[in-house]
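Just below is one structure, and these are the notes that go with it.
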Amino acid sequence: MFPPVYVNEVAAHEGKEVTLHGWLHGRRSSGKLHFLQLRDGTGTIQCVVFKGNVSPESFVEADHLPQETSLAVTGTVKKDARSPLGFELDVKGLRVVSRPAREFPLGHKEHGVAFLMEQRHNWLRSPRQQAILRVRHAVEQAIRDFFDRRGFTLVDAPIFTPSACEGTSTLFEVPYFDLGKAYLTQSGQLYMEAAAMALGKVYCFGPTFRAEKSKTRRHLTEFWMVEPEVAFMDLDGDMELMEQFVSHVVQTVLAKHRDELVRVLERDVSRLEKVVPPFPRITYDEAVEVIRAAQRKARAQGGAAEAGPEGAGGQPPPALMQWGDDIGGDEETLVAAAYDRPVMVHRYPAAMKAFYFKKDPADPRLALGCDVLAPEGYGEIIGGGQREDDLATLEAALDAHQLPHEAFEWYLDVRRYGSVPHAGFGMGVERCVAWICGLHHVRETIPFARMMERITP
RNA sequence: UCCCCAGUAGCUCAGUUGGCAGAGCAGGUGACUGUUAAUCACCGGGUCGCAUGUUCGAGUCAUGCCUGGGGAGCCA
């Protein structure tokens, strides 16, 4: 039968006989009735097998099919108020496509994280993981739509690179023929800067690799990043682009998957509805004051609590944040908690940013960078800013960061031939998906997570 | 690299002062014409992560190792 009928289309076939193909999600039985939950990727439908409607062999078989048996089920589509879907299939016949060779490892009860990650290939079949992967797809589609509709050109950046893009992070090394070592990319940005001088508005969208030994809920060794870069754009334009981009992605996903977010992922979507421009913009200086105020308050309130039963450790309270300190995970949460939508923190101390950031003409201690912090403790989802466009200044920055000029000769060319102000940013897809779905850990946002302690399945 | 926690049935876990290895779910057999994580009865299921030590006796105590989880730093 072609085209085949899918579960999400059965309403159009009410009263008609159809054949559905899928996997047995679950099974219940009540004497002369068997209830089979059939999942086909578009939805799940209950197939009702009544003893009088099928052959005796089929009736017995239907009560002994293990979970994840693949099936072709033929029957009549019937409206039924008792069904969450609104429809059921009144079964006339069923054919086993393939019977599991052994028991499916994942039941419908609780499992531990370690076991689920080992069973990731099987775990993907669960309703919750399906919902997350659909949201991820919608996020990636919204990303493409946003830039495509604004006249950006997608320019694919290389995965193998000859050296560190930023000269800071730890990279994965790969042997590369007679040329020695290559490295897996940690950012396509430098290549996008060159491409922006050709095409004006560009973006790349691909995997990124970091060999840092980070073991936190926000880190993967392999993750996906979208990086736009625009010629003739300054920091203010960049920040406008960031907030329009983030709100477009969130609102598009909300429009397409509100039901799954609410019902399957139990997300409080009212928090997402607020993600519309303008986002609050605060300077790093202001962020430091917000953090210090919150830390003083926590210290005043925590003093009594620490003297309680668990206060035997005698740990001194953490020092107040100082100007020049980086904004870590806890500090990000303190800043984000002060607002009901993503907050943009700009003009960081230049010393803590990569060499390519342009200095603030009004205060050379500051870099024209901006991070977007997601609400609800999800932290930095975007980092970006205006790039240094002056050749001599950039060369001095390379020296200051003790980076070899040879590796960056091509990058310096971007400033040698008609240099212009330009800016861009990078957004991590997994952190964005985790935030939108309200997940505790980014490992569930990517089909097959790569982490420090895990490379299988 | 550092700090904290965990490892017992296929899965999730309990296991008292060191004294016979347990439950629920899953699986198997059966009952039930409306189940939504169905219910009920019966059945099978163990290298207590590994090693060494203490002890009459170790799942339990000690030391080391392995694996996993959480966090820090770094970052998206």
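Below, chain A is the first sequence line, B the second, and so on; all start at residue 1. Bear in mind that the values here come from a model prediction, so they are computed numbers and not experimental data.
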Is [X] touching bases, backbone alone, or none of the nucleic acid, heavy atoms closer than 4.0 Å?
| X | value |
| --- | --- |
| A/Ile382 | sugar-phosphate |
| A/Gly428 | sugar-phosphate |
| A/His34 | nothing |
| A/Phe115 | sugar-phosphate |
| A/Asp326 | sugar-phosphate |
| A/Lys51 | nothing |
| A/Leu33 | base |
| A/Ser29 | base |

Of the options [options], whose atoms approach the side-chain atoms of [X] most closely?
| X | options | result |
| --- | --- | --- |
| A/His440 | B/rA76, B/rG69, B/rG71 | B/rG71 |
| A/Asp330 | B/rA72, B/rG34, B/rG68 | B/rA72 |
| A/Leu220 | B/rU36, B/rG70, B/rA76 | B/rA76 |
| A/Phe35 | B/rU33, B/rU35, B/rA76 | B/rU35 |
| A/Val48 | B/rG73, B/rG69, B/rG34 | B/rG34 |
| A/Lys215 | B/rG68, B/rG71, B/rA76 | B/rG71 |

Is a donor from one side chain sitting under 3.5 angstrom from an acceptor on the other, for [X] and [Y]?
| X | Y | result |
| --- | --- | --- |
| A/Gln67 | A/His25 | no |
| A/Thr283 | A/His346 | no |
| A/Gln129 | A/Glu444 | yes |
| A/Lys16 | A/Thr76 | no |
| A/Glu193 | A/Tyr411 | yes |
| A/Gln46 | A/Gln37 | yes |

Using OP1 and OP2 only, check whether a side-chain N or O of [X] sits under 4.0 Å from [N].
| X | N | answer |
| --- | --- | --- |
| A/Lys213 | B/rU1 | yes |
| A/His441 | B/rG70 | yes |
| A/Arg443 | B/rG68 | no |
| A/Arg217 | B/rG71 | yes |

Can you tell me the base-pairing partner of [N]? Count Watson-Crick or G-U wobble geometry only, both distances below 3.5 Å, and say none if there is no partner.
| N | value |
| --- | --- |
| B/rA51 | B/rU63 |
| B/rG68 | B/rC5 |
| B/rC40 | B/rG30 |

Between [atom2] on [N] and [atom1] on [X], what's the gap in Å once rounded to a whole number?
| X | N | atom1 | atom2 | value |
| --- | --- | --- | --- | --- |
| A/His25 | B/rU36 | NE2 | P | 14 Å |
| A/Gln189 | B/rA76 | CD | C1' | 13 Å |
| A/Met452 | B/rC2 | CE | P | 10 Å |
| A/Arg450 | B/rA76 | CZ | C1' | 19 Å |

Distances under 3.5 Å between nitrogen or oxygen atoms of protein and nucleotides 26-29 of chain B:
unit_1, atom_1, unit_2, atom_2, d
B/rA26, O2', A/Glu103, OE2, 2.6

Side-chain donor/acceptor of [X] to base of [N], under 3.5 Å:
| X | N | answer |
| --- | --- | --- |
| A/Ser214 | B/rC74 | yes |
| A/Gln46 | B/rU35 | yes |
| A/His219 | B/rC75 | yes |

Which whole number of Å gives the distance between the [atom1] atom of [N] and that of [M]?
| N | M | atom1 | value |
| --- | --- | --- | --- |
| B/rG22 | B/rC48 | C1' | 12 Å |
| B/rC40 | B/rC25 | P | 8 Å |
| B/rU29 | B/rG71 | P | 44 Å |
| B/rC42 | B/rA37 | P | 25 Å |

Going by the angle between their ring planes, with limits at 30° and 60°, are [X] and [Y] parallel, tilted or perpendicular?
| X | Y | result |
| --- | --- | --- |
| A/Trp224 | A/Phe205 | perpendicular |
| A/Phe425 | A/Phe147 | tilted |
| A/Tyr348 | A/Tyr284 | tilted |
| A/Phe146 | A/His248 | tilted |
| A/Phe115 | A/His111 | tilted |

What residues from residues 119-135 of chain A pass a heavy-atom cutoff of under 4.0 Å to RNA chain B? none

Here's a test for you: under salt bridge (charged side-chain N to carboxylate O under 4.0 Å, His left out), which of A/Asp285, A/Asp360, A/Asp371 qualifies with A/Arg347? A/Asp360

In the 5'-to-3' direction, what one-character label does each nucleotide of nucleotides 40-45 of chain B receive under the scheme B = base within less than 4.0 Å of a protein heavy atom, S = sugar-phosphate only, - = no such atom? ------

For A/Trp435, does the six-membered ring have the charged nitrogen or CZ of A/Arg271 within the cation-pi criterion, i.e. under 6.0 angstrom from the centroid and within 45° of the normal? no

Taking only Lys NZ, Arg NE, NH1 and NH2, and the carboxylate oxygens of Asp or Glu, determine whether A/Arg431 and A/Glu380 approach each other closer than 4.0 Å. no

